[in-house]
Amino acid sequence: MATATLARHSLAHFMYLESIKYSIAAQPVSRRQSLHLFYHRCYHHKPCSVVASMNGCQGNPRDRVPIGSIETRTFPAVTSPALATDTLNLAISEMKANPPLITSGILRLQVPIQQQIEAIDWLHSQHQIHPRCFFSGRRQSKDFTEVTNGNGYQKSNNVVSVAGVGSAVLFRNDHPFCYNDWKSIKRFLSANCPLIRAYGAIRFDARANISSEWEPFGSFYFIIPQVELDELDGCSMLATTIAWDNAFSWTWEQAVDAVEATMTQISSNVVKLSKEVTRSFIISTSHIPSKMYWDLAVERALQIINRSSSPLTKVVLARSSKIVIANDIDPIAWLACLQVEGENAYQFCLQPPNAPAFIGNTASLIMNLDIVNRLLSCLCILLTESACMPEQLFHRNCLGISSEAMAGTRARGGSMALDLQIQLDLLSSPKDHLEFTIVRDNIRKKLEAVCDRIVVEPNKAIRKLHRVQHLYARLAGELRSEDDEFNILSSLHPTPAVCGFPTEEARLLIAETEVFDRGMYAGPVGWFGGGESEFAVGIRSALVEKGLGALIYAGTGIVKGSNPSLEWEELELKTSQFTKLLKLEGPSRQKIENSGIII
């Protein structure tokens, strides 16, 4: 026991020294300070326009009473964003002259626009207004199918994506996200106003110390946007939300003044993004941990996994990569480029005032054929973050709840015959079946705790995406009460895909091994609504700020038989989703696709 403890502390110390090495050469700074040096300018770099709002989590939850009014007003459709802005400004002016008598409420004013405007284009045009958020669910396409005995499963949603600026209500705190915080958010939501939503994210591990680059986000960060553009199928919607509560010392007059201040900055000139980032030389790339200390960490994890007395079967270890380039990285433009890679993935952005932007894209990656062959020689396909990633943590519609289990990853075949052969290999693989069963049964067990009956349909199928195919199951049930939404969120996170199994043993090993703060990486990202909510897992993500470069996060699952070098190559591939957009002399996407299998 003493030897194991000494080894653990020695490894942590070595990795800690490595983090200092890449932060500031030869200067003795703390882990917290080392990452702070990366973003020490972010609170002073190009100050953004910030309009005050209220924090819905302040005060004593027991003293709160139901909100006085929750209402949505829809105005006649117009033909352009400029006309929609004029309509909203006029409505706000009229309401300012006729204040309501109630002391608390939330009011959404929305104007349909008779053209489909991409939400991310609109958000990019509002570059001086913070906070800001963006969320896009998975889009259906001809490359997206659910296969089970020849039958397909399809899901559609009229809301394509949402972009918001300013905060009508902010929900943030440094303590772990709890039931009272969830109730504070739900207080402002109603099933009768489905587009009043709180968008945000929760930390991967709320018990870990918050490092300086993640401080603006707190332990959780959600906003109901002041102004938002909803991209719908075939049209759009511009909306503004006014929220007030005298109990929070935030009156109707203050709320209207704040919305007016934001509206004066809204640009109606929406320019379509080119979906191409300006290529640049990468000045420096550094990793925490370095390759040397990554190997040590993986070897130690394997020693624990291989012990007959250890319950641990998998742990997901992650890496933080600092990228500095010759010119600015625009987080919204970067995210727009990533959308091209992930039509069927979740995309998200969350950026508090004067802080870096947390962006992510859960799309699959392009993998070189040579690396695929080496991976295949080592346990066929290793159980990695992408190999059992339930991108959708859960979706709730009224009391109906659903989640997804995915495990096992294979490339798509170049022909129909090869694709079918690969599919049959995945379906018949005992190793992949075991991994899939663990993931599916783990989710089912957690759903059973809050649902009367669970339906698993399909029970085991092949889910084919453009680049990959997975073993897949969809689990659905009905919550016993609306309050169980909080229970299912706290129960499903963290999943075995981003933490390990069993969860607590894996979480403790991660806390002992990793010397950087994951922050919201691998945590729940999504939105709460009155009658509906949806959360994904914040993988394939980065913390980005203009003039400061980026911290790119990636993780990989360590199981019995894992090879440290192959796992490092998996991290490189996942990070390349971001870096390949920046390099001046990188191979084109077509050349990469032609060189090997697409993963």
Side-chain angles (χ1 to χ4, degrees), residues 1 4-5 7-8 11-12 176-177 202-208 297-318 379 381-394 403-409 430-451 454 456 460 470-471 473 475 477 484 486-514 518 521-524 535 537-539 555-562 564 567 570:
M1 178 65 72
T5 302
R8 182 174 69 246
L11 176 61
F177 187 70
I202 303 171
R203 285 176 60 81
F204 168 77
D205 187 353
R207 286 169 281 189
V298 173
E299 292 293 350
R300 177 172 176 263
L302 289 172
Q303 289 175 6
I304 296 173
I305 290 170
N306 290 330
R307 290 176 192 160
S308 59
S309 59
S310 173
L312 188 68
T313 59
K314 175 191 176 185
V315 63
V316 178
L317 298 180
L379 287 180
I381 291 287
L382 292 174
L383 179 63
T384 64
E385 174 191 57
S386 61
C388 62
M389 185 64 249
E391 295 173 351
Q392 182 190 80
L393 188 62
F394 76 88
S403 186
E404 297 174 350
M406 283 196 286
T409 302
K431 172 184 174 290
D432 288 300
H433 175 74
L434 175 61
E435 294 164 356
F436 171 72
T437 302
I438 290 174
V439 175
R440 183 191 61 200
D441 292 352
N442 178 268
I443 296 174
R444 175 170 23 203
K445 182 179 179 181
K446 292 177 178 180
L447 287 175
E448 286 174 342
V450 294
C451 296
I454 302 300
V456 183
K460 180 182 176 181
H470 306 280
L471 292 175
L475 301 91
D484 286 327
F486 171 78
N487 295 328
I488 201 63
L489 173 60
S490 57
S491 175
L492 286 177
H493 173 74
T495 71
V498 294
C499 182
F501 188 82
T503 301
E504 188 57 23
E505 285 81 356
R507 188 196 67 80
L508 289 173
L509 183 56
I510 290 170
E512 292 173 356
T513 304
E514 294 180 358
R518 288 193 181 192
Y521 162 70
F535 279 84
V537 183
I539 59 168
T556 181
I558 310 302
V559 296
K560 186 175 182 179
S562 292
E567 300 296 349
E570 180 76 7

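Quantities reported herein were computed from a predicted structural model and do not represent experimental measurements.
Interatomic distance, I305 CD1 to L509 CG, rounded to the nearest 0.5 Å: 8.0 Å. The structure places SG of C451 at 12.5 Å from CZ of R444, a figure rounded to the nearest 0.5 Å. The distance from the CD1 atom of I558 to the CG atom of L312 is 10.5 Å, given to the nearest 0.5 Å. Here S403 contributes atom OG and I443 contributes atom CD1; the two are 4.0 Å apart, rounded to the nearest 0.5 Å. A distance of 11.0 Å separates CZ of R518 from CZ of R203, quoted to the nearest 0.5 Å. A distance of 11.0 Å separates CD in E448 from OG in S491, rounded to the nearest 0.5 Å.
A donor-acceptor distance shorter than 3.5 angstrom exists from the side chain of S310 to the backbone of I304, with no hydrogens or angles considered. Between the side chain of K314 and the backbone N or O of P496, at least one donor-acceptor pair lies under 3.5 Å. Listed for the T513 side chain is no donor-acceptor partner under 3.5 Å among the backbone atoms of I510. Counting only distance, with no hydrogens or angles, the side chain of H493 and the backbone of F204 share a donor-acceptor pair below 3.5 Å. Judged by distance alone, with hydrogens and angles left aside, the side-chain atoms of Y521 form a donor-acceptor pair with the main-chain N or O of G555 at under 3.5 Å. Side-chain atoms of T556 never come within 3.5 Å of backbone atoms of E567 as a donor-acceptor pair (strictly under, hydrogens ignored). Between the side chain of S562 and the main chain of V559, a donor-acceptor pair closer than 3.5 Å is present.
V537 and A522 get closest at one heavy-atom pair: CG1-O, 3.7 Å. Across A405 and F436, no two heavy atoms sit closer than the pair O-CE1, 3.8 Å. For the pair V316 and E514, the tightest heavy-atom approach, listed with the atom from each and the gap, is O-OE2, 4.0 Å. For the residue pair G477 and I454, the shortest heavy atom distance occurs at CA-CD1, 4.2 Å.
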For this session: Carefully, step by step, assess N306 and K560 under the rule side chain to side chain contact (heavy atoms under 4.5 Å, CB included).
Result: CA-CA 7 Å; N306 290 330; K560 186 175 182 179; 3.3 Å; yes
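Sorted by first then second residue, the salt bridge (Lys or Arg N to Asp or Glu O under 4.0 Å) pairs that include residues 488-500, not counting sequence neighbours, number zero.
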Can I get a per-line list of side-chain donor-acceptor pairs under 3.5 Å for residues 497-506, giving both atom names and the distance, sequence neighbours left out?
from	atom 1	to	atom 2	distance (Å)
E504	OE1	R507	NE	3.4
E504	OE2	R507	NE	3.4
E504	OE2	R507	NH2	2.9

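Evaluation of the salt bridge (Lys or Arg N to Asp or Glu O under 4.0 Å) rule for R440 yields no partner, not counting sequence neighbours.
Side-chain contact between T495 and L393 is present, with at least one heavy-atom pair separated by less than 4.5 Å. For the pair P524/L489, a side-chain contact is recorded, criterion being any heavy-atom separation below 4.5 Å from C-beta on.
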